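Below you'll find the structure, written out as structure tokens, and then a few comments.
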Amino acid sequence: MPNIILLGPPGAGKGTQAQRLVDARGMVQLSTGDMLRAARTSGTEMGRKVAAVLDGGGLVTDDIVIGLIEERLAQGATGGFIFDGFPRTLRQADALAELLARKGLKLDAVIELVVDDAALVGRIVKRAEEARAAGQPVRKDDTPEVFEVRLREYYKNTAPLIGYYWATRDLVQVDGMAGMQTVAEAIAKVLDKA
Ligand code: AMP
């Protein structure tokens with residue numbers, strides 16, 4: 001099964017599409033955001049360290065997230081990984097290439113969900129409202145103020161990965177503004193070719 005990265009700004013739909021791939025294809029979602037949120041509630045030293053960074057919308061250090069991914073890959077490299085929210089910096093991208101190579105795995109595609117920035121803040125606010133209505137925990141970073149910081153981090157640190165993966169010929173762009181189902185179908189096409 002292919003190993004892919006879902007790339008795109010916060011609110012682009014990476015988590016939603018990753019979940020669909022888990023359900024439909026039994027792929028394994030590796031979301032560093034989920035791992036970090038789990039760490040913060042686990043009462044560990046690392047959880048305490050990252051809590052304020054998560055709430056403020058900044059990026060956690062490369063060493064921490066690379067460590068999380070390394071640990072997870074060490075547990076079993078069955079392949080069919082969806083990297084969701086990782087890598088977010090060029091250093092993380094290099095580290096991922098190295099970790100995969102060490103496991104004898106390869107990256108099959110980097111799928112960029114191309115979205116209109118102006119629509120993103122609305123999506124984030126909606127996600128918070130839906131969670132609240134369903135009685136689920138609301139992410140502290142899903143506010144318009146923190147979203148602005150997250151978007152800035154994205155353009156400063158993560159958007160360069162688009163050029164990086166274009167150069168390695170792994171990049172595939174998908175219209176992330178289409179409906180959820182249409183986006184899922186476009187991703188399925190990429191996977192079937194990978
Ligand atoms: P996400 O759930 O992907 O939106 O991530 C939520 C937050 O976790 C981000 O705003 C960052 O603070 C942190 N985070 C998640 N993944 C990474 C990463 N690969 N590198 C640095 N920070 C990360």
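Read the numbers this way: they start at 1 and go in the same order the structure lists the ligands and their atoms. We number each residue from 1, following the sequence as shown. Note that the structure is a prediction, hence the values are computed from the model and not measured.
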Under a 4.5 Å cut-off applied to non-hydrogen side-chain atoms, are [X] and [Y] in contact?
X      : Y      : value
Lys193 : Val172 : no
Val125 : Pro144 : yes
Ile82  : Lys14  : no

For ligand 1, indicate whether the residue [X] contacts it via side chain, backbone, both or neither (heavy-atom separation under 4.0 Å).
X     : result
Leu59 : both
Gln92 : side chain
Arg37 : side chain

| request: Show which atoms of ligand 1 fall inside a sub-4.0 Å distance from at least one heavy-atom site of Arg150. | output: 4 (O)

| Sub-4.0 Å atoms of ligand 1 with respect to non-hydrogen atoms of Gly85 | 16 (N), 17 (C), 18 (C), 19 (N)

Please list the nearest protein heavy atom to [atom] with its residue and the distance rounded to 0.1 Å.
atom                    : result
atom 4 (O) of ligand 1  : Arg139 NH2, 3.0 Å
atom 8 (O) of ligand 1  : Leu54 CD2, 3.0 Å
atom 1 (P) of ligand 1  : Arg88 NH2, 3.6 Å
atom 22 (N) of ligand 1 : Val60 N, 3.1 Å
atom 16 (N) of ligand 1 : Thr32 OG1, 2.8 Å
atom 14 (N) of ligand 1 : Leu36 CD1, 3.4 Å

| request: With atom 10 (O) of ligand 1 as the reference point, say which of Gly33, Gly56, Ser31, Gly58 has the nearest heavy atom. | output: Gly58

| Looking only at side chains, do Glu71 and Gln75 share a donor and an acceptor under 3.5 Å apart? | no

| remark: Here the pair of heavy atoms bringing Pro10 nearest to Ile124 is C-CD1, 4.3 Å

| field | Asp142/Arg150 under salt bridge (charged side-chain N to carboxylate O under 4.0 Å, His left out): CA gap, chis, key distance, verdict | value | CA-CA 10 Å; Asp142 274 353; Arg150 291 162 67 201; 3.0 Å; yes

| message | Using the rule that Ile, Leu, Val, Met, Phe, Trp and Tyr join whenever any side-chain heavy atoms are under 4.5 Å apart, tell me whether Leu68 and Leu99 fall into a single cluster. | response | yes

| message | I'd like to know if Arg102 and Glu98 make a salt bridge, using a cut-off of under 4.0 Å between side-chain N and carboxylate O. | response | yes

